[in-house]
Asks: 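The following block contains the structure, expressed as C-alpha cells.
This one's a predicted model, so the numbers in the text were calculated from it and none came from an experiment.
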Amino acid sequence: AVEPTADEPRKTPAPSDPPTDPKSALASLRQKIQLLVDEYAAGKINRVQFHALYKRYSEQRAVIEKLMERNPESEAWKQVLRSQGQTGFLRSRFESQPILYAIFARNQTIPVHAGGHHPLNPNVTQPLLQALWRSSQLPTVGLGRKALENDEWLVLAVGEYAATIVIFSLEPSSGQAKLVRDLHLDFERANHIALSRGM
C-alpha cells in the first residue's frame with residue numbers, strides 16, 4: 001500500500017465505503033453521527049428521527065468499542081454493521097407526514113379549503129383561530145407549531161389575508177414547517193386579488 005506523503009492529507013473514508021477494520025468502522029460511525037447532527041441542525045430531519053438514528057449509531061459504536069477492548073483481533077465487529085436498511089427504516093418510520101390541512105380567511109374559523117386523510121377537528125382549530133384573530137399584534141407573516149394528542153403536531157402559517165393549518169403525524173422537521181409557511185405565502189400571492197377583496 002502506498003502511504004500518503006506530507007503534502008497529501010489522509011482521506012477519511014466516506015460513510016458509504018465499507019470499513020476494512022474496527023478503527024475505520026468507528027471513524028465511519030463518527031462521521032455518520034456528524035452528518036446526522038448537520039442534517040438535524042439544517043432542519044432536514046425531525047427530533048424523533050434524530051434521536052432514533054443517533055441512538056442506533058451510538059449503540060453500534062459502543063458495541064464495536066467493547067469488542068475491540070475484549071479481543072482486538074476478532075472480526076466480530078463486522079456483524080455489528082451488517083444489519084442493512086435499519087437506518088433507512090428508522091428514517092422513514094419516524095418521518096412526520098401531513099395528515100390534513102385547512103386554509104382559513106382572516107377572521108374566519110370555517111375553512112375556505114381543506115383536505116387530507118382525517119376530518120378537521122374544530123375543537124382544536126376554532127379556539128386557536130379565535131385567539132389568533134383577536135390578537136392585537138397579529139404578524140403579517142408568522143409561523144407557529146404546537147404538540148397535540150397522539151404525538152400529532154399542528155403547524156400554523158399566518159399571512160396578510162389568511163392562515164393555513166397543517167396537522168402532522170409526528171413533530172415535523174423545521175424544514176417541513178418552513179415549507180408550510182412558504183406554501184401559504186405562495187397561496188396568498190397566487191390569490192392576492194381575490195383575498196384582498198374578501199372573496
Asks: Could you tell me the separation between the OH atom of Y101 and the CG atom of L183, rounded to the nearest 0.5 Å?
Replies: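 Output value for this atom pair is 11.0 Å.
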
Asks: Can you check whether E152's main-chain N or O pairs, donor with acceptor, with N150's side chain at less than 3.5 Å?
Replies: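 Looks like no, no N/O pair under 3.5 Å.
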
Asks: Report yes or no: do V180 and I99 belong to one cluster of Ile/Leu/Val/Met/Phe/Trp/Tyr joined by side chain heavy-atom distances under 4.5 Å?
Replies: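 Result: no, two separate clusters.
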
Asks: Between M68 and L26, which heavy-atom pair has the shortest distance, and what is it?
Replies: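 For M68 and L26, the tightest heavy-atom pair comes out as SD-CD1, 3.7 Å.
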
Asks: So how far is it from S169 OG to L100 CG, rounded to the nearest 0.5 Å?
Replies: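 Output value for this atom pair is 11.0 Å.
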
Asks: Counting distance only, does the side-chain N/O of H184 pair as donor-acceptor with the main-chain N or O of A162 below 3.5 Å?
Replies: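 Here the side-chain-to-backbone pair exists.
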
Asks: Roughly how far apart are L36 CG and K44 NZ, rounded to 0.5 Å?
Replies: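 That separation rounds to 12.0 Å.
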
Asks: Please check: side-chain N/O of Q49 versus main-chain N/O of N46, any donor-acceptor pairing under 3.5 Å?
Replies: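 Between the backbone of N46 and the side chain of Q49 there is a qualifying donor-acceptor contact (under 3.5 Å).
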
Asks: Can you sort out the partners of F50 under ring pair (Phe, Tyr, Trp, His ring centres under 6.0 Å), two or more places apart, ordered by chain and number?
Replies: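 Listed in chain order: Y40, Y54.
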
Asks: How many angstroms lie between CD1 in I64 and NZ in K23, if you round to the nearest 0.5 Å?
Replies: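 If I round to the nearest 0.5 Å, the distance is 13.5 Å.
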
Asks: Please examine the side chains of Q176 and S173, heavy atoms only from C-beta on, and report whether any two atoms are closer than 4.5 Å.
Replies: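 A side-chain contact exists here, since the closest heavy-atom pair is under 4.5 Å.
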
Asks: Would V48 end up clustered with F168 when hydrophobic side chains under 4.5 Å apart are linked, directly or stepwise?
Replies: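 They do not share one cluster, since no chain of ILVMFWY contacts under 4.5 Å joins V48 to F168.
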
Asks: Which atoms form the tightest heavy-atom contact between S24 and D21, and what is the distance?
Replies: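 Smallest interatomic distance, heavy atoms only, reads N-OD1, 2.8 Å.
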
Asks: Measuring from R134:CZ to N107:CG, what's the distance to the nearest 0.5 Å?
Replies: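 Rounded to the nearest 0.5 Å, the CZ-CG separation comes to 11.5 Å.
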
Asks: Please say whether more than 12 non-hydrogen atoms of neighbouring residues, nucleotides or ligands are located less than 6.0 Å from CZ in R93.
Replies: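 Count not over threshold, so no.
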
Asks: Does a side-chain N-to-carboxylate-O contact under 4.0 Å join E95 and R91?
Replies: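 Not counted as a salt bridge, because no side-chain N and carboxylate O are separated by less than 4.0 Å.
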
Asks: Looking at every heavy atom in both N121 and N123, which two are closest together, and how far apart are they?
Replies: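 Of all heavy-atom pairs spanning N121 and N123, the closest is OD1-N, 2.9 Å.
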
Asks: According to a 4.5 Å side-chain heavy-atom criterion applied to Ile, Leu, Val, Met, Phe, Trp and Tyr, with indirect links allowed, do L143 and Y161 form part of one hydrophobic cluster?
Replies: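 L143 does not cluster with Y161.
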
Asks: I need the minimum non-hydrogen distance between R61 and I33, along with the two atoms involved.
Replies: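 Taking every non-hydrogen atom into account, NH1-CD1, 4.5 Å.
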
Asks: Under 4.5 Å between side-chain heavy atoms, counting indirect links through other Ile/Leu/Val/Met/Phe/Trp/Tyr residues: same cluster for L53 and V37 or not?
Replies: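 Same cluster.
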
Asks: Identify the two heavy atoms, one from L170 and one from W153, that lie closest to each other, and give their separation to 0.1 Å.
Replies: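 What the structure gives for the nearest pair is C-CD1, 3.6 Å.
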
Asks: Does the E171 side chain pair with the main chain of R47, one donor and one acceptor, at a distance under 3.5 Å?
Replies: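 No; zero donor-acceptor contacts below 3.5 Å.
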
Asks: Would you check if the side chain of R106 reaches a backbone N or O of E160 as a donor-acceptor pair within less than 3.5 Å?
Replies: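 Checking the backbone N and O of E160 against the side chain of R106, a donor-acceptor pair under 3.5 Å is found.
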
Asks: Heavy atoms, side chains only, cut-off 4.5 Å: are L67 and P22 in contact?
Replies: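 Not touching, per the 4.5 Å side-chain cut-off.
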
Asks: Does some side-chain heavy atom of L154 sit less than 4.5 Å from a side-chain heavy atom of L128?
Replies: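 Heavy-atom side-chain distance check passes, below 4.5 Å.
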
Asks: Taking atom OG of S174 and atom CZ of R145, what is their separation to the nearest 0.5 Å?
Replies: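 The distance works out to 6.0 Å.
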
Asks: Do the side chains of F94 and I45 get nearer than 4.5 Å, heavy atoms only?
Replies: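 Side chain of I45 against side chain of F94, heavy atoms only: no contact under 4.5 Å found.
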
Asks: For residues L132 and L156, determine if any side-chain heavy atom of one lies less than 4.5 Å from a side-chain heavy atom of the other.
Replies: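 They are in side-chain contact.
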
Asks: Would V158 and V155 show up in the same hydrophobic cluster when neighbours are defined by side-chain heavy atoms closer than 4.5 Å?
Replies: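 Unlinked, V158 and V155 end up in two clusters.
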
Asks: For residues W133 and A163, report the shortest heavy-atom separation together with the two atoms involved.
Replies: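 For W133 versus A163, the nearest heavy atoms are CH2-CB, 3.7 Å.
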
Asks: For E188, enumerate each residue passing the salt bridge (Lys or Arg N to Asp or Glu O under 4.0 Å) test, keeping only those at least two apart in sequence or located in another chain.
Replies: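 Testing E188 for salt bridge (Lys or Arg N to Asp or Glu O under 4.0 Å), a comparison that skips the adjacent residues, returns none.
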
Asks: May I ask you to test the K55-L90 pair for a side-chain heavy-atom distance under 4.5 Å?
Replies: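 A side-chain contact is absent here, since even the closest heavy-atom pair is not under 4.5 Å.
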
Asks: For D182, does the CG atom sit with more than 12 other heavy atoms under 6.0 Å from it, leaving out its own atoms?
Replies: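 Yes, the 6.0 Å shell around CG holds more than 12 heavy atoms from other groups.
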
